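For reference, the structure is listed below as structure tokens.
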Amino acid sequence: MKTAGDNGSLLRRTLDLVRARDGRLTRELQRAPGGFGLGQVPAAKAPDATTSMVCGFCSTGCGLTIHLRGGQAVGLTPTSDHPVNRGLACPKGWEALSVLDADDRATVPLLKDAAGRRRPVDWHTALTEMTDRFRSIQAVHGADSIAFLSTGQIATEEMALLGAVTKFGMGILHGDGNTRQCMATAVVAYKQAFGFDAPPYTYQDLEESDCIVLIGSNVCIAHPILWERVMRNSHNPEIIVVDPRRTETAMAASLHLPLRPKTDLVLLYGLANLIIENGGINHRFIEQHTRGFDSFAAFVRQFDVQRVADETGLSIQAIGDAATRITRRSRVSFWWTMGVNQSHQGVRTAQAIINLALMTGNIGRPGTGPNSITGQCNAMGSRLFSNTTNLLGGHDFANPDHQAKVARILEIPRERIPDHSGWAYDQIVDGVRAGKIRGLWVIATNPAHSWIEQRRLRDILDRLEFLVVQDMYHSTETARLADLLLPAAAWGEKEGTFINSERRFGVIKKVCRAPGQALSDFSIFKLVAHYYGCAEMFAGWDSPEAVFQILKRLSAGMPCDFTGIADYRMLDEAGGIQWPYPAGSADTAPQRRLFRDGRSYHSDGRARFLFEEPRQVPEPPRRDYPFHLLTGRGSAAQWHTQTRTAKSDILRKLYPKDPYVEINPADAADLGLGPAQWVFVESPRGKARVRAFITPTVQQGHLFLPMHDSSTNRLTLAVFDPESRQPAYKSCAARVRAVGQTDVLAETQGASFIPLPSSGADSNDCAES
Ligand code: SF4
């Protein structure tokens, strides 16, 4: 029997079908012409002006047109005539503004009280406390007892000011950046081979090559706009992908070489040997522009194709096929990212790539080059101007002429310039452990999530007397450990320049107000100098653009000379300008590559062949940990530790909600695992609770964990390339087991499982596939 209530409910449901009673209002969905050539935009966000700037996520450096209303950003679109992205952006770029509005933005300095509770304080209290504590630690333990860890995410002018204030003003020797985690290997490889850290290419080379070799680079996912440039290549290029996984990029390749993890060096030496045997070398280029080829040719003779096949797991036919394809094409470009850089022998692997380019003369011409792709938006700025490994502007701390030049331009006493670079990231961490570093200043990076072998690092950070974290969010794992949190403005809330992977300077602008009392990193560094008592030394550094002019003068005569770039306006109008761009340069083309005359930056102008016997992986699979664990980027919508990307509702919809491990179907069957089942991935150092993603894209015996979840670095092993000191994130031994009833019980009782932090609480660090 139906009641009157039933009928009412039926009526309501029928009306709900006709008219939605929740969700967005129709007027919010209306669109209107945006003007400025933008097409349709949400009517409520129609701009009254636009401006342009580069994206603040990755090193691709896409141009974005910011829609302004009353001087504030209300939306963005990719810039259609920008030389990098030509009207395209990946999901992260489209969402670059929305992540600024998160609830966990740091808006006021927070100081821990005696009970460990974070209390809001004003800037005067915060900076007095910071500089007093640092000074008193230095007074007892020496100037070197304070260190800093910075980032490739802040503007060039900011990192230069930080490096100058700390090293010249505060007497701090040890400082490094999270670029150590992504680009140190490429830096050292280029420096040793060419005499300067000089990625030689322009993105145009992706369109000009007739053979594109991608090594340890899932460019489809990690650098989607560069993949779009490959898709525009009209030369029907061979695409050779060297990667243990059948990545999205490998699926689009004409030849995929799914080698055993960390056998890339053996493969590259074997390819060199085959190319020499096949007569595929460029004798003229080798004789005129290189040094050490004969020794290299003799060395690689031992890498006969049978040995290479045995060690890499590839077929003899596939190895020969790759060598033939490289030999037959005239414009071969070699591209690498973290699969090479984050390795126990990354520098030699990168140099084995450089060797292939040199011996085949694939350098300095369109569509060629040994080309490392950077990770963070300003990793290249950090490499040249952070004043950490190099003295400002790519100079050498140990070179008296360089010291004198920098002292003269900055008008500071030469004695303020250290005569050697300080410790690398891992050495600073060890310094904390050993009690030599007592105070640490962490800027826009989140080592408690991103540093290798996480639990060890967190124990070490606990030993600090005073930890200062400067970040746009108060919720990162490292920020929560801080004794003092300094709230920083983000991309979009401040000015400066970034340098992208192809050496292109691009401008960032203030198009939003920073929340609360947050200040630009530039202003914070100036204030620290003032409170520390060294502000006079930096009186001329009064704005980011003033610092740009100082850096210009420092670059004079160096390979990165950009004295021909007048100002930000010139950069803005050109859509960015690549270094070098010396004053009076006749070559002002928007796409330029290095080494067109074959000369490197070594004093004899010759590039070096560098090589070394391959070494075994430090932790191969074994009986109790039978899998080889690989790590890398999960999706194009995720950025590193997801400090920002997890704040976007849209980006969160573009990747799985739960962390997962990729496992081969045969292995899953052996272990009795079903799709999406919760499992523990364990290494000798810790465990991660993730879902099983059963897929043939990983080989039998391999596991793949995206790096974005905080639990991944509980498993990784703290091993470093001996030349670059870059962590080897990509390889360790692991095992998998299903989460059982006892685990669930233990979790409920909080006995054995450490709860995963919310995916929204992390940072900007660099480590990608
Ligand atoms: S590819 Fe990189 S620079 Fe371009 S929009 Fe995406 S995140 Fe930004």
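Keep in mind the model is a prediction, meaning the values are calculated, not measured. Counting convention: from 1, in listed order, for ligands and their atoms alike.
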Applying salt bridge (Lys or Arg N to Asp or Glu O under 4.0 Å) to Asp205 and not counting sequence neighbours gives Arg593

Residue list, salt bridge (Lys or Arg N to Asp or Glu O under 4.0 Å) with Arg229, at least two apart or on another chain: Glu207

Can you name the residues that form a salt bridge (Lys or Arg N to Asp or Glu O under 4.0 Å) with Asp103, not counting sequence neighbours? none

Output yes when a side-chain donor or acceptor of Asn362 lies under 3.5 Å from a complementary backbone atom of Ser333, and no otherwise. no

Near atom 8 (Fe) of ligand 1 (under 2.8 Å) - protein N, O or S atoms: Cys55 SG

Between Trp227 and Tyr203, ring centroids under 6.0 Å: no

Test Asp649 against every option in Lys653, Lys647, Arg652 by the salt bridge (charged side-chain N to carboxylate O under 4.0 Å, His left out) rule and name the one that passes. Arg652

